[in-house]
Amino acid sequence: MAKKVGKAKPSNHKINLNELIYPIFVKEGRDIREKIASLPGIYRFSPDEAIREVTSCHDLGLNQFLVFGIPPQKEAIGSYAAFPDNVVSVCVRQLKALLPRAVISTDVCLCAYTDHGHCGVIPKGQQGIDHKKTLAALSAMALTHARAGADFVAPSAMAEGQVAAIRAALDTAGYRRTRIMGYSAKFASQFYGPFRQVADSAPRFGDREGYQIPVTETSRVEVEILADIREGADVVMVKPALAYLDVIARVKAVTSYPLAVYNVSGEYAMVKYGARLGYWDERKMVAEVLGAMKRAGADLIITYHAKDIAEWQAGKE
Ligand code: PBG
């Protein structure tokens, strides 16, 4: 008997919008909506435009956002990251005033803010990252975001003890209800390539293998995840997602904590550019890729595809 030729409409109905977190990049200014060549469909926004974007996403049914800041200047210790009125704080404050029920997370890392592009503080004349100063800088940055009203701060610097340090700083300042999403198992991945164009944050020398997990060391994952939970993380994360589905499944097996996965820039760019070249159907590809992440055990997916998915589900193209 001949098999039926499928004519099903591409559908993302298995992806639930409240499982998705949409990254938003903000820089100082007004009326800015800058394309990013490496990430088609993703922009750098000034706060006013970011508000417009988040509001339209919220109207489409997305409720969770992850805000990244792009500083006006970079220097050795990345001090802009903890300025009380930096662009992330301004944006978060306005977002929470306008959409109090939207869940706003902020990325807490120094690589976009330092002139050397590393995720921690390298004091003048020193070779390596100063661990104590890095924890202090990350804690100050997280506190700035908490004061602006962030629901979650998401430390991604992979500095040992960063979750505990941030938790202590938040508690001491009275922000017990600000939660922490730890980038617990973050690999030193090639898949971050397109992201580094966003804020020009590629390291100027060396690589990140001293603090991110080398891609061959997946055996460390359970230890890293459990350490973040012990330190006080409310949500744990595996990043990237697509090349680490086995890791996601393993994490799911050792904890019932909410598990986020980051469908990173390189994973997004592959899907987007392949679709543009006509190699595959974008909607079906997104459903296949994100479906695999869910099967592996993801509770939350941070993804640049979130707005497209919401538009597809709303019947807009
Ligand atoms: C900051 C940070 C990075 C990403 C998220 N937070 C870059 C990096 O570690 O180099 C990458 C996200 C992506 O590729 O989409 N440390």
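The closest side-chain heavy-atom distance from Ile309 to Leu290 is below 4.5 Å. With a 4.5 Å cut-off on side-chain heavy atoms, Arg196 and Pro203 count as touching. The shortest side-chain heavy-atom distance between Leu259 and Met237 does not fall under the 4.5 Å cut-off. With contacts defined as side-chain heavy-atom distances shorter than 4.5 Å, the pair Cys119/Met158 does not qualify. The shortest distance between side-chain heavy atoms of Ile24 and Glu53 falls below 4.5 Å. Taking 4.5 Å as the limit, every side-chain heavy atom of Ile32 sits out of range of all side-chain heavy atoms of Tyr43. Under the 4.5 Å side-chain criterion, counting only non-hydrogen atoms from C-beta, Pro155 is not in contact with Leu138. Within the 4.5 Å cutoff, side-chain heavy atoms of Pro23 are placed close to those of Phe68.
Ring centers of Tyr80 and Phe83: under 6.0 Å apart, within the cut-off. In this structure, Tyr273 has its ring center no closer than 6.0 Å to that of Tyr279. Phe45 and Phe25 have their aromatic ring centers separated by at least 6.0 angstrom.
Residues meeting the side chain to side chain contact (heavy atoms under 4.5 Å, CB included) test with Lys132, sequence neighbours left out: Asp130. Qualifying side chain to side chain contact (heavy atoms under 4.5 Å, CB included) partners for Gln64, counting only residues two or more places apart in sequence or in other chains: Ile21, Val103, Leu300. The salt bridge (Lys or Arg N to Asp or Glu O under 4.0 Å) test applied to Asp299 returns Lys252, not counting sequence neighbours.
Heavy-atom neighbours of Glu222 CD from other residues, nucleotides or ligands within 6.0 Å: above the threshold of 12. Within 6.0 Å of the CD atom in Gln190, the count of heavy atoms belonging to other residues, nucleotides or ligands does not exceed 12. Within 6.0 Å of CZ on Arg30 lie no more than 12 heavy atoms contributed by other residues, nucleotides or ligands.
For the residue pair Met293 and Ile248, the shortest heavy atom distance occurs at O-CG2, 4.5 Å. Listed here is the closest heavy atom pair of Val87 and Gly69: CG1-CA, 4.4 Å. The nearest pair of heavy atoms linking Val198 to Leu39 is CG2-CD1, 3.8 Å. Residues Val121 and Leu110 approach most closely at CG2-CD1, 3.7 Å, considering heavy atoms. Between Pro194 and Ser38, the shortest heavy-atom distance links the atoms O-OG, 2.8 Å. Here the shortest heavy-atom pairing between Arg250 and Thr218 reads NH2-O, 2.8 Å.
Counting only distance, with no hydrogens or angles, the side chain of Trp280 and the backbone of Val271 share a donor-acceptor pair below 3.5 Å. Between the side chain of Lys96 and the main chain of Ala102, a donor-acceptor pair closer than 3.5 Å is present. Checked by atom type and distance alone, the side chain of Thr55 pairs as donor or acceptor with a backbone atom of Ile51 at under 3.5 Å. Side-chain atoms of His116 do not come within 3.5 Å of backbone N or O of Phe205 as any donor-acceptor pair. Proximity of a side-chain donor or acceptor of Glu49 to a complementary backbone N or O of Ser46 within less than 3.5 Å is not detected. For the pair Tyr268 (side chain) and Pro40 (backbone), a donor-acceptor distance under 3.5 Å is present. The closest donor-acceptor contact from the side chain of Gln313 to the backbone of Ile15 lies under 3.5 Å. Listed for the Asn86 side chain is a donor-acceptor partner under 3.5 Å among the backbone atoms of Ala81. Panel note: side chain Tyr304, backbone Glu267; no donor-acceptor pair is recorded below 3.5 Å. A donor-acceptor pair under 3.5 Å is absent between the side-chain atoms of Lys35 and the main chain of Gly41, judged by distance alone.
With rounding to the nearest 0.5 Å, the separation of NE2 in His58 from OH in Tyr22 is 15.0 Å. Taking OH from Tyr113 and OG from Ser79, the interatomic distance works out to 11.5 Å, rounded to the nearest 0.5 Å. With rounding to the nearest 0.5 Å, the separation of CD1 in Ile301 from CD in Glu19 is 6.5 Å. The distance from atom CG of Asp151 to atom CD1 of Ile104, rounded to the nearest 0.5 Å, is 6.5 Å. Note that SG of Cys91 is 11.0 Å distant from CZ of Phe65, once rounded to the nearest 0.5 Å. Atom CG of Leu98 is separated from atom CD of Gln94 by 8.5 Å, given to the nearest 0.5 angstrom.
In summary, Asp48 and Arg33 do not engage in a salt bridge, as defined by a charged side-chain N under 4.0 Å from a carboxylate O. A salt bridge links Glu34 with Lys27: the distance from a Lys NZ or Arg NE/NH1/NH2 to an Asp or Glu carboxylate oxygen falls below 4.0 Å.
For the side-chain hydrogen bond (donor to acceptor under 3.5 Å, both in side chains) test with Glu282, the passing option among His305, Lys272, Arg276 is Lys272; the others fail.
Annotation: cation-pi pair Lys186/Tyr192 present, NZ/CZ under 6.0 Å from the ring centroid and within 45° of its normal.
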Practice prompt. I would like to know whether Arg44 and Ile36 meet side chain to side chain contact (heavy atoms under 4.5 Å, CB included); could you show each step before the answer?
Written response: CA-CA 7 Å; Arg44 296 183 197 93; Ile36 300 164; 4.0 Å; yes
Worksheet item: Asn63 and Asn18: side chain to side chain contact (heavy atoms under 4.5 Å, CB included), yes or no, with the steps?
Response: CA-CA 6 Å; Asn63 195 41; Asn18 60 27; 5.6 Å; no
Worksheet entry | Intermediate values then yes/no, side chain to side chain contact (heavy atoms under 4.5 Å, CB included), Ile213 and Glu224 | CA-CA 10 Å; Ile213 308 175; Glu224 299 278 357; 3.8 Å; yes
Worksheet item: Going through the distances and angles, do Val289 and Met285 end up as a side chain to side chain contact (heavy atoms under 4.5 Å, CB included)?
Response: CA-CA 6 Å; Val289 167; Met285 185 58 112; 4.1 Å; yes
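Aromatic ring orientation, Tyr211 versus His118: perpendicular (interplanar angle above 60°, classes split at 30° and 60°).
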What pairs of donor and acceptor atoms, side-chain ones from residues 169-181 against any protein atom, are under 3.5 angstrom apart with sequence neighbours left out?
from: Asp171; atom 1: OD1; to: Arg167; atom 2: NE; distance (Å): 3.1
from: Asp171; atom 1: OD1; to: Arg167; atom 2: NH2; distance (Å): 3.0
from: Thr172; atom 1: OG1; to: Ala168; atom 2: O; distance (Å): 2.7

Only pairs under 3.5 Å count here: list side-chain donor-acceptor contacts from residues 142-150, not counting sequence neighbours, and write none if there are none.
from: Thr144; atom 1: OG1; to: Ala82; atom 2: O; distance (Å): 3.2
from: Thr144; atom 1: OG1; to: Ala140; atom 2: O; distance (Å): 2.8
from: His145; atom 1: ND1; to: Thr106; atom 2: OG1; distance (Å): 2.7

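If you check the side chains of Gln162 and Tyr183, you find no donor sitting under 3.5 Å from an acceptor.
Counting only residues at least two apart or on different chains, the side chain to side chain donor-acceptor pair (under 3.5 Å) pairs with a member in residues 225-237 are Ser184-Asp228.
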